[in-house]
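Read the structure below first, then the notes.
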Amino acid sequence: MIIEKIEKFLRTLGKPLVKFTYGIGELSLFVSRAIYNCVTPPFYFKLLNRQFIDIGFYSLPVVALTTVFAGMVIALQSYTGFSQYGAESMVANVVLIAVTRELAPVFCGLMVAGRIGSAMAAEIGTMRVTEQIDALTTLSTNPFKYLITPRVIAGVLMLPILVVIGDILGIFGGYIIGVYKLDFNSANYIHATLQYLVASDVYCGIAKGAVFGFIITLMGCYNGYKSRGGAQGVGEATTNAVVSSSILILIFNYIITEVFFTE
Amino acid sequence: MKKIKISIKDLHKSFGKKQILKGVNLEIEQGKSLVVIGGSGTGKSVLIKCIQGLLTPDSGSILIDGEETVGVDEQKREDLHDKMGMLFQGGALFDSLTVWQNVAFALLQNKGLSKKEAKEKAIDVLRQVGLAPDVADSYPSEISGGMQKRVGLARAIATNPEIIFFDEPTTGLDPIMADVINELIVESAKKLGATTFTITHDMASVRKIADKVAMLYKGEIIWQGSVAEMDKTDNAYVKQFINGCSNGPIKVEI
Ligand SMILES: Nc1ncnc2c1ncn2[C@@H]1O[C@H](COP(=O)(O)OP(=O)(O)OP(=O)(O)O)[C@@H](O)[C@H]1O
Ligand SMILES: [Mg+2]
């Protein structure tokens, strides 16, 4: 009687654990397969091109809007803190550091995760449940190379570019508020910005962009690829892709910051 | 000597606790047409997917041209797919590509044909399945279900494969079109010397195309023989199936 109860208890405890471990293993296999296929021929350049445009070009509006406003709000907020002498250079400095180190990469990551991660999961998920992925296989085409490799490569290459654009626009947003609302001297503000600009901050943002691009495309593809059971399964895959990549982006953002900025 | 093209031995496949295939044994001779019949959900599609390597069997062996294909690596599998064509039950057309790009997919990706050559070939194959050239530039979502079926068929035969699998080629077609498709299957077997493996519920289709009929029931092949033998058999299961009676040894679980 009591033994039965203990057994039942252990089983309820063990089941999710086994499932979790299984998931980790499955994901690791998927990641290694994706990386392997990224570096071995054949390559589908036309598909890669389409992904460049989808991920890079069409994400520009959302990235631009979010980073401009992020830069603007940082300028406004930090001014309240430094509203005495020397506010000009301090605000410029804070905007610069916040945008290049954290805001541009994180906003790019989260926005692209919402835009691209979900679309990838939905597209690949639909192809899975309608057997189009099986059809690819029967037509002697490796679905990893055809579907996943172009997306992952495009994500890893385009996100850093988006981050750099985000950097510029975020700083520009701060400048707008500084000069037109807080009445700073334009030349001084620009001078302060350039003075504090550090290459390693920008590199850090670029590195984050590449990692986030990998996370977003991978989670989108992984969740779509393993989706099961019709429209509902595809819906779940889409949600999981966005939620998991958003969480992973914030976790890896912390880790990369820790690696770059603690001596 | 007759050459055995596909030989399946003691094939088992289950999903979780649900056993689908429980020891299937089946052989197909080169250039012949095998038709597998059996009730809905008995695992006919699963059987095809095991042969194609889309599902991995739990145990058993599948020989194609005398070579084991269970557990081969990706490269070998790709080579195998090069000599096989498949019509999926649900069509499985690429909805982001046009009809002709679907039909010419393998020609474009693997056989290195130019776009123009591939399109010409695609239109030619489309004509064979009774589709006019003007559908070539539409997308699968823009054409009717029966037309989609025929595009799937065209895609399966476009590379002139040695073995062609048809998973319910005539369901969803009107009787006349169904007959055209049956004709086409017979023709591809005769003309190209292809070995065909067809799944169907359509008895007209069976009579038209089968060199050999096999019946799958409860995970095993319970009967096989020619069409003439099928008509004379006193196997109660086969009799019930070909006559379409609801009473008999096969119970439909509702
Ligand atoms: N990927 C899968 N995962 C779990 N179960 C599956 C999977 N594929 C098939 N099955 C199960 O296997 C059984 C046989 O399916 P299958 O599609 O082979 O039937 P079928 O004989 O082709 O039927 P029909 O004539 O209706 O097409 C079904 O009960 C189905 O639920
Ligand atoms: Mg089926």
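Since we're looking at a predicted model, the values are computed, not measured. Numbers restart at 1 for each chain; the letters A, B, ... are given by sequence-line order, proteins then strands. Computed over heavy atoms, backbone and side chain alike; hydrogens, waters and symmetry mates excluded.
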Any carboxylate oxygen within less than 4.0 angstrom of a Lys/Arg side-chain nitrogen, looking at B:K119 and B:D137?
yes
I want to know whether A:Y225 and A:F30 have ring centres closer than 6.0 Å.
yes
Tell me, side chain or backbone of [X] under 4.5 Å from chain A's heavy atoms, or both, or neither?
{"X": "B:L93", "result": "backbone"}
{"X": "B:D95", "result": "both"}
{"X": "B:F105", "result": "side chain"}
{"X": "B:L97", "result": "side chain"}

Is the CG atom of A:L10 crowded by more than 12 outside heavy atoms at less than 6.0 Å?
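Yes, CG of A:L10 has more than 12 neighbouring heavy atoms, counting only those of other groups under 6.0 Å.
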Let me know if A:I133 has heavy atoms under 4.5 Å from chain B in its side chain, its backbone, both or neither.
neither
Is chain B contacted by the side chain of A:T138, its backbone, both, or neither, given a heavy-atom distance below 4.5 Å?
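Answer is both: backbone and side chain atoms of A:T138 are under 4.5 Å from chain B.
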Is there a side-chain contact between A:V112 and A:F212 in this structure, where contact means two heavy atoms from C-beta onward sitting under 4.5 Å apart?
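Counting from C-beta outward, A:V112 and A:F212 never come under 4.5 Å.
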Where A:I55 and A:G155 come nearest, the two heavy atoms and their spacing:
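Taking every non-hydrogen atom into account, CD1-N, 3.7 Å.
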